[in-house]
Amino acid sequence: MRSIVYNGVDLSEWCSAEVVEKAALPVVPDTMAVPGRAGALLVSGRIPPRLVRVRLYMDAGFRPGTNGLADIRHRVYAALCSTIGGTLRLPDEPEYEYRDAVCTDAGAWTSLFEDGSGEVSFALLDPVAYGRERAEIGMLFEVGGSWPTWPAFELVASAGSAVQVGCGNAIVRVEHAFSGGEVVRIDCESEGVTVDGVDTRADVTLASDFFSLAPGGVTLTFSGCSTHATTFRERWL
C-alpha cells in the first residue's frame with residue numbers, strides 16, 4: 001500500500017502518499033467551579049478530533065495525456081469529497097483503520113501535470129485507530145492495543161431463564177425463556193442484544209452494564225450458555 005485508502009477507494013492507482021503530520025492527542029478538560037476552591041475542579045475530559053496531513057504525489061505509472069490527467073484529478077477529487085465521512089487507512093500504518101474521517105482541506109496542487117502534488121488534511125472524529133479483528137472462544141486471553149475496545153459476544157443458550165457474560169464487576173444479563181440452542185448476540189458498542197436475530201434489548205436487566213475490554217489480560221465469565229465466542233478489534237491511540 002503506497003497511498004491512502006479512503007471510503008474503500010485506494011488512491012494507489014493514481015497517487016503515492018506520505019504522512020506529513022499526525023498530531024498528538026491532547027485532552028480537553030470539563031471543569032466546574034466549587035465554592036471555596038481556588039481554580040476549578042476537573043470533572044472529566046474528552047479527546048478532540050485528531051488532525052492528519054497527507055501529501056499526495058501524482059504517480060499514475062504511465063503518461064496518461066492531458067485528458068487522462070484530467071480524469072485522474074476528477075477521480076481523486078471525488079474520492080476525497082464525502083459529506084458523510086468514512087474510513088481512512090494511511091500508508092505508514094496500513095494495518096490500522098480510522099473511522100469517521102473527514103477530508104477538511106484538499107489544498108492546492110503544485111502542478112496539473114505528471115509531477116503534481118498536493119496536501120490534504122483529515123479530521124479524525126474518532127481519533128483512535130482500529131486494528132485487526134480478533135475472535136476468542138476461551139475465558140482468559142490478552143487484548144492488544146493501547147486503548148479499550150468494545151467486544152461482541154455470541155452465545156448458544158442452554159435451556160433456562162437467563163444468559164450472562166461478565167468482566168470484573170460488570171455484567172450483561174439477558175433474561176428470557178430459553179428452550180436451548182438459541183443464538184444470543186450481545187454487542188457492547190451499540191448496546192444491542194438479539195436472540196436468533198430478533199431484537200431483545202427489553203430483556204436486558206437493569207443491573208446490566210455494557211463494558212469495554214482494557215488492553216492486557218482479560219478474564220470473562222459466562223453462564224446459561226453451552227458455547228460462547230468473543231470478537232473485538234484492537235484499538236490504538
Side-chain angles (χ1 to χ4, degrees), residues 6 19 21-54 82-90 92-93 95-105 121-134 136 139-153 164-174 185-194 199 201-222 230-237:
Y6 184 50
V19 177
E21 179 185 10
K22 187 185 301 171
L25 292 173
V27 173
V28 179
D30 291 326
T31 62
M32 64 179 296
V34 177
R37 178 188 176 97
L41 177 67
L42 178 65
V43 177
S44 64
R46 61 181 177 84
I47 301 177
R50 168 175 259 160
L51 301 180
V52 175
R53 293 193 294 124
V54 179
S82 174
T83 57
I84 60 174
T87 58
L88 175 68
R89 291 183 181 270
L90 299 169
D92 64 336
E93 45 182 19
E95 69 276 19
Y96 299 148
E97 178 181 271
Y98 291 94
R99 300 178 181 177
D100 299 325
V102 178
C103 181
T104 56
D105 187 355
S121 298
F122 291 92
L124 309 180
L125 305 183
D126 181 349
V128 184
Y130 290 76
R132 62 189 179 93
E133 184 174 81
R134 294 222 354 233
E136 299 285 347
M139 294 186 292
L140 286 77
F141 52 86
E142 291 284 327
V143 174
S146 59
W147 194 257
T149 185
W150 295 103
F153 305 99
Q164 178 176 300
V165 56
C167 182
N169 295 324
I171 65 165
V172 180
R173 182 178 178 85
V174 183
R185 181 169 176 80
I186 300 171
D187 189 327
C188 288
E189 182 174 18
S190 66
E191 299 189 356
V193 177
T194 61
D199 188 347
R201 283 176 290 183
D203 293 340
V204 178
T205 63
L206 292 177
S208 295
D209 184 15
F210 292 91
F211 53 84
S212 60
L213 303 179
V218 169
T219 301
L220 300 176
T221 59
F222 297 89
T230 305
T231 58
F232 59 91
R233 286 188 178 273
E234 295 175 347
R235 302 184 71 199
W236 298 85
L237 189 62

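What you are looking at is a predicted structure, and each value in this text was computed from that prediction instead of being measured. Hydrogens, waters and symmetry mates are skipped; everything else that's a heavy atom, side chains included, is used.
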S.K.: Taking all non-hydrogen atoms of both residues into account, name the closest pair between Ser146 and Pro215 and its distance.
M.R.: C-CG, 3.8 Å

S.K.: Run the numbers on Val218 and Phe232 for side chain to side chain contact (heavy atoms under 4.5 Å, CB included), then give the verdict.
M.R.: CA-CA 13 Å; Val218 169; Phe232 59 91; over 6 Å; no

S.K.: Take Leu90 and Val54 through the test side chain to side chain contact (heavy atoms under 4.5 Å, CB included) and record every step on the way to the result.
M.R.: CA-CA 9 Å; Leu90 299 169; Val54 179; 4.0 Å; yes

S.K.: State, yes or no, whether a side-chain contact exists between Leu220 and Leu213 at a heavy-atom distance under 4.5 Å.
M.R.: yes

S.K.: Of the non-hydrogen atoms in Val165 and Phe222, which two are nearest, and what is the gap between them?
M.R.: CG2-CE2, 3.4 Å

S.K.: Begin from the C-alpha positions of Thr230 and Phe141 and carry the test side chain to side chain contact (heavy atoms under 4.5 Å, CB included) through to its verdict.
M.R.: CA-CA 10 Å; Thr230 305; Phe141 52 86; 4.2 Å; yes

S.K.: Please give me the minimum heavy-atom distance between Pro48 and Leu25, naming the atom from each residue.
M.R.: O-CD2, 4.0 Å

S.K.: State the CD-CZ distance between Gln164 and Phe153, to the nearest 0.5 angstrom.
M.R.: 11.5 Å

S.K.: Counting only N and O atoms by type, is there a donor-acceptor contact under 3.5 Å from the side chain of Ser208 to the main-chain atoms of Arg173?
M.R.: yes

S.K.: At their closest point, which heavy atom of Tyr96 faces which heavy atom of Gly131, and how far apart are they?
M.R.: CD2-CA, 3.9 Å

S.K.: Would you say the rings of Phe122 and Tyr6 are close, in the sense that their centroids are separated by under 6.0 Å?
M.R.: yes

S.K.: Within the side chain of Asp209, is there an N or O that forms a donor-acceptor pair under 3.5 Å with the backbone of Phe211?
M.R.: no

S.K.: Output the distance between atom OG1 (Thr221) and atom CD1 (Ile171), rounded to the nearest 0.5 Å.
M.R.: 8.5 Å

S.K.: Look at Lys22 together with Glu93 and state whether they make a salt bridge at an N to O cut-off of under 4.0 Å.
M.R.: yes

S.K.: So which heavy atom on Leu237 is nearest to which on Arg50, and how close?
M.R.: C-NH1, 3.9 Å

S.K.: Considering residues, nucleotides and ligands other than Leu41, do more than 12 of their heavy atoms fall under 6.0 Å from its CG?
M.R.: yes

S.K.: Could you report the tightest heavy-atom contact between Leu124 and Ala101, atom names first, then the distance?
M.R.: CD2-CB, 3.6 Å

S.K.: For the pair Ser44 (side chain) and Asp30 (backbone), establish whether a donor and an acceptor sit closer than 3.5 Å, ignoring hydrogens and angles.
M.R.: no

S.K.: Checking side chain to side chain contact (heavy atoms under 4.5 Å, CB included) for the pair Asp126/Arg235: CA distance, chi angles, key distance, verdict?
M.R.: CA-CA 11 Å; Asp126 181 349; Arg235 302 184 71 199; 3.3 Å; yes

S.K.: Indicate yes or no: does Glu234 engage Arg134 in a salt bridge with an N to O separation below 4.0 Å.
M.R.: yes

S.K.: Drop me the distance from Arg99's CZ to Leu88's CG, to the nearest 0.5 angstrom.
M.R.: 13.0 Å

S.K.: Are the side chains of Ser190 and Phe210 in touch, meaning some heavy atoms are under 4.5 Å apart?
M.R.: no

